[in-house]
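Some notes on the structure that comes next.
None of the values given here were measured: they were computed from a predicted structure.
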Amino acid sequence: MTRRYLALWFPLLPTDRLRIQEGMGSAATGGQLDAPPDAPLVLVAKVKGALRLGAVDAHARALGIAPGQTLADARALHPDLVVADMDEDADRHWLRRLAEHCIAWSPRVTVIPPDGVTLDIAGSEHLFGGEAGLAAQAEETFAAIGMRVRMAAACTAQGAQALARHARLPVGDERQALRALPVQALGLDEEATLALRRAGLKTIGDLASRAAASIAARFGADAVTALRRLLGEEHAPIDPLAQPEPLHCERRFAEPVALQASIAACFVDLLREAARMLEQRGLGGRRFVLTLFRSDGARHRLAIETGLPTRDPAPVLRLFDERIGALADPLDPGFGYDRITLFLPVTEPLAASQPALDGGEQEAGALADLIDRLSTRLGPGTLCRLVPQDSHIPEQAQLALPAIHARAPVHWPTPPAGEPPLRPLFLFDPPQPVEVIAEVPDGPPHRFRWRRKLHEVRLYEGPERIAAEWWRRKGGEDPGKGGLTRDYYRIEDVRGRRYWIFRHGLYDEKPDPKWYLHGLFA
């Protein structure tokens, strides 16, 4: 199989990392930033007694400020710079976290210090729609968290990184693009790179046209090795991240165990052992799988999930009791179990936390425990939580997810004090068609008929115009599929009932647009 590698280069990793952590309220940054997001940011380190710029963000680059300058020279160009200290340890840790996130796309991920990650995607890219689909998903993921990234794919790991860092993207012909790269793409030290340029060898193609023996004699064997690896003439194995083994605890018995008390004691012992292992790794379990192996070869498998990571045996034991109680057929030990295993396939970081004085953490923990118990007893799909989505289309602005899988709720936008809500609490899916009589064709409803009942409009507010998503096809009678403009009106009839009505399409988009009732106000 031809190897394919996807290289990710984070050109602004130190500054992006600091802004993200400051936005998350991370204590690790020490609150170094106190400036708007568009303010130019530079990170400094002491070099030979002088403060020099180790990293700059995009706003600072646009002002002509570059790494390597002294802080005094940079402030002469722009006095209002936001200055913070370089933290190479934090950058290395952040890069490793980014690489661990990439394991979702490939099991072979390599960290390229100080700001690169390489994925061996041979055999896995088809799961994401090919190389282009995988790259698009990775770019979208990192853009969502605020990381700028450049990506390129090639037949060698070194070639992919070189293209990501030095080529004009996207790349058409990989071979020609590699030969057009500057000699800096070899990754040699500054002295060797300067020697190559002084000899008139400015591109990889210039260097590849020379005999390997002459290159080694004049510039060293490292230059030949780097060139051969870049062009795929020599294989260089990558050192992938070591993935931690899933937590697994097991008990074997010399004689089959059938007593309920003995089985329960064994299970508690397994949970305590798992808790110690989780604590050593700084993790908490999200999914626990208990398997009981009967002496006659039968297996009983029980699985539970938690909304928050935990390593406390007590709530996990209660959830397993709920799971056993919800079984249609009770567990039958038969002639006894000769082996019991506990497997934790899903874990998440779990750090120590200090309760607040108002008891908010206790309330959140009690709610999470209630969600876990109900989801375990009734099934994960029976209890849902609305999660806001970044969409201006009303029916797409929220998503109903199983509460045990959804993250902790975020704050929904609230109207100003004393103002009525802009959106109704109840939406019809799909919107209900109505017959509307308006004073002018593109005016507000004067009266409307819904479910064979006529409603006289007393008050209205609007229109609120919501444009269609540009990538959707225009036309169509179904408001959930057509890409037409919507004009929404908040309506109150003579009986005091309030409705949310919209006209699906403008008259220059469609000669006879339809009206729909989308929601009811409380």
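Side-chain contact between Arg385 and Leu401: absent, with no pair of heavy atoms (C-beta onward) separated by less than 4.5 Å. In this structure, Leu350 and Thr347 have side chains that are not in contact, with every pair of non-hydrogen atoms separated by 4.5 Å or more. The closest side-chain heavy-atom distance from Leu95 to Leu13 is below 4.5 Å. Contact annotation: the side chain of Val44 never approaches that of Met86 to less than 4.5 Å [non-hydrogen atoms, C-beta and beyond]. For the pair Ile404 and Pro380, the minimum side-chain heavy-atom distance is below 4.5 Å. Taking the side chain as every heavy atom from C-beta outward, Pro445 and Tyr489 approach each other to under 4.5 Å. Leu302 places a side-chain heavy atom less than 4.5 Å from the side chain of Ile324. Side-chain atoms of Pro444 and Val457, non-hydrogen and from C-beta on, never get closer than 4.5 Å to each other.
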**Message:** For Arg458 and Asp493: C-alpha separation, side-chain torsions, deciding distance, then whether salt bridge (Lys or Arg N to Asp or Glu O under 4.0 Å) applies.
**Reply:** CA-CA 5 Å; Arg458 188 174 71 91; Asp493 65 8; over 6 Å; no
**Prompt:** Would Ser375 and Glu305 count as a side-chain hydrogen bond (donor to acceptor under 3.5 Å, both in side chains) if you check the C-alpha gap in whole Å, the side-chain angles of each, and the deciding distance to 0.1 Å?
**Reply:** CA-CA 9 Å; Ser375 300; Glu305 297 183 40; over 6 Å; no
**Message:** Could you go through Arg96 and Glu100, starting from their C-alpha distance and side-chain angles, then the distance that decides it, and tell me whether this counts as salt bridge (Lys or Arg N to Asp or Glu O under 4.0 Å)?
**Reply:** CA-CA 6 Å; Arg96 183 176 180 85; Glu100 290 173 349; 3.4 Å; yes
**Request:** Could you walk me through whether Arg486 and Glu395 pass the salt bridge (Lys or Arg N to Asp or Glu O under 4.0 Å) test, one step at a time?
**Result:** CA-CA 13 Å; Arg486 304 181 187 181; Glu395 62 268 23; 2.8 Å; yes
**Item:** Pair Glu174-Arg179, side chain to side chain contact (heavy atoms under 4.5 Å, CB included): steps then yes or no
**Value:** CA-CA 9 Å; Glu174 179 183 325; Arg179 290 179 171 268; over 6 Å; no
**Request:** Tell me, with the steps shown, if Arg17 and Ile20 meet side chain to side chain contact (heavy atoms under 4.5 Å, CB included).
**Result:** CA-CA 5 Å; Arg17 187 264 311 166; Ile20 293 171; 5.9 Å; no
**Message:** Is there a side chain to side chain contact (heavy atoms under 4.5 Å, CB included) between Phe521 and Arg490? Walk through the geometry before answering.
**Reply:** CA-CA 9 Å; Phe521 289 93; Arg490 287 187 289 176; 3.5 Å; yes
**Item:** Candidate pair Asp80 and Arg75, rule salt bridge (Lys or Arg N to Asp or Glu O under 4.0 Å), full reasoning
**Value:** CA-CA 7 Å; Asp80 297 329; Arg75 277 183 166 156; over 6 Å; no
**Asked** Val42 and Gln69: side chain to side chain contact (heavy atoms under 4.5 Å, CB included), yes or no, with the steps?
**Response** CA-CA 11 Å; Val42 299; Gln69 291 180 328; over 6 Å; no
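The structure places CG of Leu231 at 8.0 Å from OG1 of Thr156, a figure rounded to the nearest 0.5 Å. Atoms CD1 and CZ, from Ile304 and Arg377 in turn, are 14.5 Å apart once rounded to the nearest 0.5 Å. Atoms CG and CG, on Leu163 and Leu178 in that order, are 4.5 Å from each other to the nearest 0.5 Å. In this structure, CD1 in Ile204 is found 9.0 Å from CD in Gln184, a value given to the nearest 0.5 Å. Going from atom CZ of Arg148 over to atom CD of Glu139 covers 12.5 Å, rounded to the nearest 0.5 Å.
The ring of Tyr499 has its center closer than 6.0 angstrom to the ring center of His455. In this structure, Trp500 has its ring center under 6.0 Å from that of Tyr488. Separation of the Phe142 and Phe10 ring centroids falls under the 6.0 Å cut-off. Less than 6.0 angstrom separates the ring centroid of Phe428 from the ring centroid of Trp450.
Under a 3.5 Å cut-off, the side chain of Asp312 and the backbone N or O of Pro315 do not form any donor-acceptor pair.
In summary, of the residues considered (Leu319, Leu247, Val316, Val346), a side chain to side chain contact (heavy atoms under 4.5 Å, CB included) with Phe288 occurs for Val316 alone.
Salt-bridge formation is detected for the pair Arg4/Glu131: a Lys NZ or Arg NE/NH1/NH2 atom is positioned less than 4.0 Å from an Asp or Glu carboxylate oxygen.
With sequence neighbours excluded, the residues forming a side chain to side chain donor-acceptor pair (under 3.5 Å) with Trp9 are Asp115, listed by chain and number. Under the salt bridge (charged side-chain N to carboxylate O under 4.0 Å, His left out) criterion, Arg175 pairs with no residue at all, not counting sequence neighbours.
More than 12 heavy atoms of other shown residues, nucleotides or ligands fall within 6.0 angstrom of atom CZ in Phe343.
Minimum heavy-atom separation, Ala55 to Pro67: CA-CG, 4.5 Å. Heavy atoms only, all atoms of each residue included: His504 and Pro513 are closest at O-CB, 3.4 Å. Counting all heavy atoms, side chain and backbone alike, Ala138 lies closest to Met151 at CB-SD, 3.9 Å.
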